[in-house]
Asker: 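One structure follows; several queries about it will come next.
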Amino acid sequence: MRIETRPLPDRLPDLGDLPPLLTRLYAARGVRSAAELDKSLARLLPYQRLKGIEAAVELLLQAIDGRQRILIVGDFDADGATASALGVLGLRMLGAVSVDYLVPNRFEYGYGLTPEIVRVALGRQPELLITVDNGISSVEGVAAGKAAGLRVLVTDHHLPGPELPAADAIVNPNQPGCDFPSKALAGVGVMFYVLLALRARLRELGRFAGRTEPNLAELLDLVALGSVADVVPLDANNRILVHQGLARIRAGRARPGLRALLEVAGKSHARVTSTDLGFILGPRLNAAGRLDDMSLGIECLLCEDEALARDMAVQLDQLNQDRKAIEQGMQREALAQLKDLEAEALPFGLCLFDPEWHQGVIGILASRLKERYHRPTIAFADAGDGQLKGSARSVPGFHIRDALDAVAARHPGLISKFGGHAMAAGLSLPQEHFGAFAAAFDAEVRRQLSAEDLTGRLLSDGSLSAEEFHLPLAKALRNAGPWGQHFPEPLFHGVFQLVQQRIVGERHLKVVVKSECGSVQLDGIAFGVDRELWPNPTVRWVELAYKLDVNEFRGQESVQLLITHIAPR
């Protein structure tokens, strides 16, 4: 693992009256002006720049005025779940009298608005179909909906294929011809913008005269959760959405279901961070779609009854525990497949398959293996009917969706279908093509990456002095975010003296270290390190990459190092 210092611009920007360390941190993350740090809702990019937004508003206005039945077709991950709940709640707030949702069961129907899902949807007798977090690649599904006499509104954020669906309206910042400045909106963010535009139109028409205008900011907790859980880049616009959502959660004004999820996880809503959204709430919500039916997660988010919301949160927590057990077994099996390979013999692009692997967990498995071996990884499961379903995760500098496109172009017919983002993608292919695909994928990775690219790299914000290991700085760093994809939480590195070490919770290494000069003693924890380091007591010095964190125990707060890398010095 290489630790490299994050580069800074030649000239630091003027960001106002900030501590020098925060100025350097923001500058290293591309912030060029103080305006980019303004997280007020007034700084949100205008909805008018989204292509298709006016046509979408017209469809929704006609549906509201005509008291039409609206059916939202979502996706089975946290972004899709929050976008579905947001759409239902927001449209009801704005006057829709009949709004329902449908989420495809990933094991029966696969991803997106397929013709099969349209047939299921017709049983609800909708007049308007709205896709959230999917639909931009659903050419056949949209055609089936139109043939059945439905109007279709596609809201999505995924990259489009060569052909767009013939929907009545499409809102997607990544569609051709859309000049919306942020291409990083999550699916839930796109739907939030559609609601903003609809409310503005209703306001113009005088529909709120004599009554209180609906406050869509009440739904920003859902926007924040879906955006962080989907690991979209936290550009300035997304940071506003996430910051505002976190503020509602911390103030105790989140949806009952979201508060219940925090409660069962043992997390105080007053101290929740963007990291908690991604690693505590997101997995519990995702567990429903991975192992069962995402409807449970959506119902939890929609629920207004505190007790019922808690019951559903407990079910989601149990599903997450089940998911963890399945994942750990799959990891052991994957590592067994690779244990006899020397590091030099590992493919540049890893492809693994086991007929017993769970379709809903292969994405997490691919992510874990990518982190361990520092290379693009695809894990496959048996999808039935001779087909394999794959979930891909990538490393910085390798656009996984474009790589699959390149493989498909060079080897027509090898892949049945694919889609996704730069860092994550999904695909299907016949089982008989697995070997050929694995070779083709490895060749594509080798074409773009060198062996040095696969050694793993940590970007550090430098070292902290002994005087900087204090609680006010740790709190300031926690509150300086929100941190996330493409706007990473500050990471520091340095050499420390190892004083104590012990295993806690069977899987984590707890240490006590002293700063290099010996003047400051600190607690630290390395999650997922399940053995003590170097039992030889003469090994005293370690190099750490760490985050400066606030540890809260029995009402007391102290500085703690969250260690992401530890090695002898």
Asker: For residues 275-284, pull every pair meeting salt bridge (charged side-chain N to carboxylate O under 4.0 Å, His left out), keeping only residues two or more places apart or in separate chains.
Answerer: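 Matches after skipping sequence neighbours: Lys267-Asp276, Arg284-Asp317.
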Asker: Would you check if the side chain of Thr155 reaches a backbone N or O of Met191 as a donor-acceptor pair within less than 3.5 Å?
Answerer: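 Not confirmed, Thr155 side chain does not pair with Met191 backbone.
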Asker: Taking salt bridge (charged side-chain N to carboxylate O under 4.0 Å, His left out) as the cut-off, I'd like each qualifying pair that reaches into residues 363-377, sequence neighbours left out, listed once.
Answerer: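 For residues 363-377: Glu327-Arg368.
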Asker: Quickly, which of Leu291, Asp382, Leu365, Ile364 forms a side chain to side chain contact (heavy atoms under 4.5 Å, CB included) with His358? Name it, please.
Answerer: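 Filter result, single survivor: Leu291.
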Asker: Ion pair present between Asp461 and Arg29, side-chain N to carboxylate O less than 4.0 angstrom?
Answerer: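 Judged by the 4.0 Å cut-off on N to carboxylate O distance, Asp461 and Arg29 do form a salt bridge.
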Asker: Pairing donors with acceptors under 3.5 angstrom, does anything connect the side chains of Glu4 and Ser460?
Answerer: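 Ser460 and Glu4 do not have a side-chain donor-acceptor pair below 3.5 Å.
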Asker: Can you sort out the partners of Arg43 under salt bridge (Lys or Arg N to Asp or Glu O under 4.0 Å), two or more places apart, ordered by chain and number?
Answerer: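 Not a single residue meets the salt bridge (Lys or Arg N to Asp or Glu O under 4.0 Å) criterion with Arg43.
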Asker: Could you tabulate the donor-acceptor pairs under 3.5 Å formed by side-chain atoms of residues 161-171, not counting sequence neighbours?
Answerer:
residue : atom : partner : partner atom : Å
Asp168  : OD1  : Lys146  : NZ           : 2.8
Asp168  : OD2  : Lys146  : NZ           : 2.9
Asp168  : OD2  : Val152  : N            : 2.7

Asker: What side-chain donor-acceptor pairs closer than 3.5 Å can you find for residues 393-401, not counting sequence neighbours?
Answerer:
residue : atom : partner : partner atom : Å
Arg393  : NH1  : Ser391  : OG           : 3.1
Ser394  : OG   : Phe398  : O            : 2.5
His399  : ND1  : Asp402  : N            : 3.1
Arg401  : NH2  : Pro160  : O            : 3.4

Asker: Mind listing the side-chain donor-acceptor pairs of residues 480-489 below 3.5 Å, one per line with the distance, residues two or more places apart or on another chain?
Answerer:
residue : atom : partner : partner atom : Å
Trp483  : NE1  : Leu477  : O            : 2.8

Asker: Any salt bridge linking Arg239 with Asp235? Criterion: basic side-chain nitrogen under 4.0 Å from a carboxylate oxygen.
Answerer: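 No salt bridge links Arg239 with Asp235.
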Asker: For the side chain of Ser463 and the backbone of His493, is there at least one donor-acceptor N/O pair under 3.5 Å apart?
Answerer: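 Between the backbone of His493 and the side chain of Ser463 there is a qualifying donor-acceptor contact (under 3.5 Å).
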Asker: Are Phe180 and Tyr193 close enough that their ring centers fall under 6.0 Å?
Answerer: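 Aromatic pair counts; centres sit under 6.0 Å.
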